[in-house]
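This is a predicted model, so every value here is computed, not measured. In listed order, ligands and their atoms are each counted from 1. Position 1 is the first residue of the sequence; numbering continues from there. All values below were derived from every heavy atom in this structure, side-chain atoms included, with hydrogens, water molecules and symmetry-related copies excluded.
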Amino acid sequence: MYAFFWDMPKGGDIHHHLSLSFRPEEVYEVVPHFSVRMGLSNCAGDEGPPLRYRMVSPATLSALPACVHADYKKLSDLNGEEKAAWISALTIDKGYEGRNEFFEVIVNRLTEVARDTAAMRELLARMLKRYAREKVLYVETQYNAPTQEAADLLRKRLAEQDLASLPISVRFQSVAIRFRPDAEEMVERLYDFNHRNRDLWVGLNMAGREDNTKGNALRFLQTFRKMRRKYSGIHLSIHGGEVDAPGPEVRNTLLLGAERIGHGTNLISDPDAMLLMRNGRNLVEVNLVSNRLLEYFTDLREHPFPEYLRFGIPVCLNTDDSGVWDSNLTDEYMLASKLYNLTWAEIMQIGRNSLQYSFAEPALKQQLLDRFEAAVKAFETRYATGDWKSTLATVRPEVSRHAERAILH
Ligand SMILES: [Zn+2]
């Protein structure tokens with residue numbers, strides 16, 4: 001079954017945080033010169049966060065007080081045991097790890113890698129090749145290029161032969177951190193950035209823990225209205241309703257102008273918003289593995305995904321932070337099919353939605369939809385023959401560690 005879903009055409013992954021979507025092995029290959037904090041000795045003048053397995057660039061390391069240098073070890077110098085501990089420290093792989101480990105610990109371990117724009121380009125390249133092997137046609141990922149120069153270098157890298165020839169396209173969303181004191185200015189800056197980089201940056205998002213109410217949606221109502229007076233055609237996908245309690249988060253997020261809702265897990269608690277979402281203009285980006293590992297659902301059988309799907313709300317499946325979960329898009333399809341008894345027509349509709357509701361420009365979107373339909377037809381023909389077992393036997397799925405831990409056994 002895993003091989004079948006690995007081989008199946010999958011449309012797009014459109015709820016995706018770039019810096020949290022790399023395999024630790026890929027990070028190891030790309031920044032072997034970075035150092036990892038292995039110990040926590042008491043050292044005067046050390047003002048960095050006392051966080052084991054935090055990674056720092058050579059420049060950051062040399063700026064740290066000398067007495068703390070002994071705590072750090074170059075990534076390429078880790079022995080087997082240390083490397084395994086470091087990999088584990090970058091992933092949610094233990095039952096007791098959850099929301100706090102993710103937001104307050106793991107994200108900070110990766111901060112310096114995310115700031116290194118050269119590293120990000122090469123990590124993106126590796127990730128796209130991996131997604132292409134998994135039959136994903138499109139990734140729409142949340143990533144802020146810190147400068148125009150960084151955006152231009154990224155554009156150049158994507159045009160190089162090894163990436164331009166891949167059967168996968170990538171577009172970006174800018175992302176504001178909603179609970180920050182300066183989040184309104186950040187939204188305004190990002191609008192301007194998107195406007196100047198419309199060929200690649202196709203949308204804008206707001207992320208960050210919603211249980212921190214400093215980032216509530218209505219705080220931004222005037223900001224988005226102001227931006228719409230100035231700019232046309234900047235697409236919005238906004239995290240909404242990724243909270244435990246019932247509430248109006250999704251309705252308020254729609255009021256900001258969001259065309260797509262990230263997670264929408266508590267949409268089910270708001271009857272008006274449910275009826276509104278049924279009109280088909282807006283899609284919910286569902287992330288099953290993420291919702292379970294971040295403890296929004298201890299049992300995914302209680303997830304509202306099948307209700308949204310069969311009530312007529314457009315949905316698609318996404319990975320959110322596949323590096324930290326050590327998962328892939330195959331896992332999402334496999335889980336959904338097992339848990340909610342999806343029909344083939346439903347599985348295909350989910351894939352189609354992920355392209356139809358993407359922010360890809362019209363010409364690319366049409367090309368992706370055409371390729372998807374053709375790939376589905378070819379796939380159906382291959383598996384509908386009497387000898388589907390020998391077809392399946394030729395597939396070599398790359399089983400994720402999350403699937404090994406939590407889906408297959
Ligand atoms: Zn997200």
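- Defined by atom type and a distance below 3.5 Å, a donor-acceptor pair is present between the side-chain atoms of E112 and S57.
- The distance from the Zn ion (ligand 1) to the nearest N/O/S atom of D321 is not under 2.8 Å.
- Side-chain contact between Y333 and F4 is absent, with no heavy-atom pair separated by less than 4.5 Å.
- Residues D211 and D244 are not in side-chain contact: their nearest non-hydrogen atoms beyond the backbone lie 4.5 Å or more apart.
- The nearest N, O or S atom of H15 is closer to the Zn ion (ligand 1) than 2.8 Å.
- With the Zn ion (ligand 1) as the vertex, atom NE2 of H239 and atom OD1 of D320 span an angle of 170° (nearest 10 degrees).
- Metal site remark for the Zn ion (ligand 1): H263 contributes no N, O or S atom at a distance under 2.8 Å.
- Just one of E140, Q173, H263 meets the side-chain contact (heavy atoms from CB on, under 4.5 Å) condition when paired with H15; it is H263.
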